[in-house]
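Below is one structure, written out as structure tokens; the observations come after it.
Quantities reported herein were computed from a predicted structural model and do not represent experimental measurements.
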Amino acid sequence: MARPAAPRPSAAAVLDDAVRALAPDPDANRLVRRIATGEAPRSVFTTFALEQHQIIDADRISFQHLARRADGDPPMADFFDLLAHGEALALEQLAALADACGLTGRDLAAYQPRPGCQAYPSYAARLALSAEPADAAIAITANFSAWSGYCATVHTAMREHYDFPEAARGFFALFARPSPELASRARAAVQHGIDTGQARPAAAHRYGRLLQAYEVMFWNSVDE
């Protein structure tokens, strides 16, 4: 008698496992640790704004491409469409930080980005081109968990140690609290991937480990 097939894991279980397994070393992000104590110079926020100005647009395009690739799988397309929309909101919030740092449009246009900061969006673009969208969704969700924690720490420190106005902290406030809608769409996307056999958690973890490493590289490169 054939053995019954093992039950498929739920999307919630797959995502929880990825967040837990791919969580970065707490000591790896040197810059956020220094910002939390007020030890980092205020100039790191200027560099952050300059780098993010380029990263946001690149990530938006990557998410839009993933949405198009998942056009036949609406739950996955919806997830990436929401991510792309979030990047547009992030760019609006970043403008206030750039203003608080005294940056002009000319400064943003003339800036030469740092390779270590731009490795993350470059890898995200690679995933947009070649990864299964379901696997990319798992990896990105795990990374966003770490990103959200970093943003929450920075948001608090900007008020306590750097005296930034509320508007300038808006970019970090946007990401500091996990979005219930994004979490719901992530679960729907991954569940669809599981149900259709498109999700491969082992591959997703491989992508996620690199995303987390490039995330940490971004922050530490801002402080070089």
I'd like to know if [X] pairs up with [Y] as an ion pair, taking the criterion as any Lys NZ or Arg NE/NH1/NH2 lying under 4.0 Å from an Asp or Glu carboxylate oxygen.
X: D78; Y: R185; result: no
X: D57; Y: R60; result: yes
X: D223; Y: R34; result: yes

For this session: Decide yes or no on side chain to side chain contact (heavy atoms under 4.5 Å, CB included) for D17 and H205, but give the supporting numbers first.
Result: CA-CA 10 Å; D17 180 59; H205 281 222; 3.3 Å; yes

Given the rule that I, L, V, M, F, W and Y join up when any side-chain heavy atoms are under 4.5 Å apart, are [X] and [Y] in one cluster?
X: I35; Y: Y150; result: yes
X: Y214; Y: L66; result: yes
X: I56; Y: I61; result: no
X: W147; Y: L211; result: no
X: I140; Y: L210; result: yes

Exercise. Are more than 12 heavy atoms from other residues, nucleotides or ligands located less than 6.0 Å from atom CG of D25?
Worked result: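 Counting neighbours around CG of D25, more than 12 heavy atoms of other residues, nucleotides or ligands fall under 6.0 Å, so yes.
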
For this session: Could you go through the side-chain hydrogen bond (donor to acceptor under 3.5 Å, both in side chains) check for D195 and Q191 one step at a time?
Result: CA-CA 6 Å; D195 293 343; Q191 192 62 57; 3.1 Å; yes

For this session: Answer whether the closest heavy-atom distance between the side chains of R200 and I138 falls below 4.5 Å.
Result: no

Problem set entry | Residue pair N29 / E215, side-chain heavy-atom distance below 4.5 Å |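 Counting from C-beta outward, N29 and E215 never come under 4.5 Å.
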
Exercise. Is it true that the side chains of Q54 and Q118 contain a donor and an acceptor less than 3.5 Å apart?
Worked result: no

Problem set entry | Q198 and T196: CA distance, side-chain angles, deciding distance, side-chain hydrogen bond (donor to acceptor under 3.5 Å, both in side chains) verdict | CA-CA 6 Å; Q198 298 179 65; T196 58; 2.8 Å; yes

For this session: Please lay out, stage by stage, how M158 and F45 fare under the test side chain to side chain contact (heavy atoms under 4.5 Å, CB included).
Result: CA-CA 9 Å; M158 289 177 77; F45 294 99; 3.6 Å; yes

Is a side-chain donor or acceptor of [X] paired with a backbone partner of [Y] at a separation under 3.5 angstrom?
X: R33; Y: D27; result: yes
X: R209; Y: A139; result: no
X: R159; Y: E166; result: no
X: S184; Y: P180; result: no
X: T156; Y: A152; result: yes
X: S145; Y: V19; result: no

Given the side-chain rings of [X] and [Y], with only the six-membered ring counted for Trp, is the space between their centroids under 6.0 Å?
X: Y120; Y: F218; result: no
X: F172; Y: F164; result: no
X: F171; Y: F48; result: yes

Show me the donor-acceptor pairs within less than 3.5 Å that the side chains of residues 81-105 make with the rest of the protein, sequence neighbours left out.
unit_1 : atom_1 : unit_2 : atom_2 : d
T104   : OG1    : R106   : N      : 3.4
T104   : OG1    : D107   : N      : 3.1
T104   : OG1    : D107   : OD2    : 3.1

Exercise. Between V190 and F79, does a side chain to side chain contact (heavy atoms under 4.5 Å, CB included) hold up when you go through it step by step?
Worked result: CA-CA 10 Å; V190 174; F79 171 70; over 6 Å; no

Exercise. Can you say whether the rings of F144 and F175 are parallel (under 30°), tilted (30 to 60°) or perpendicular (over 60°)?
Worked result: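 Geometry flag for F175 against F144: perpendicular rings.
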
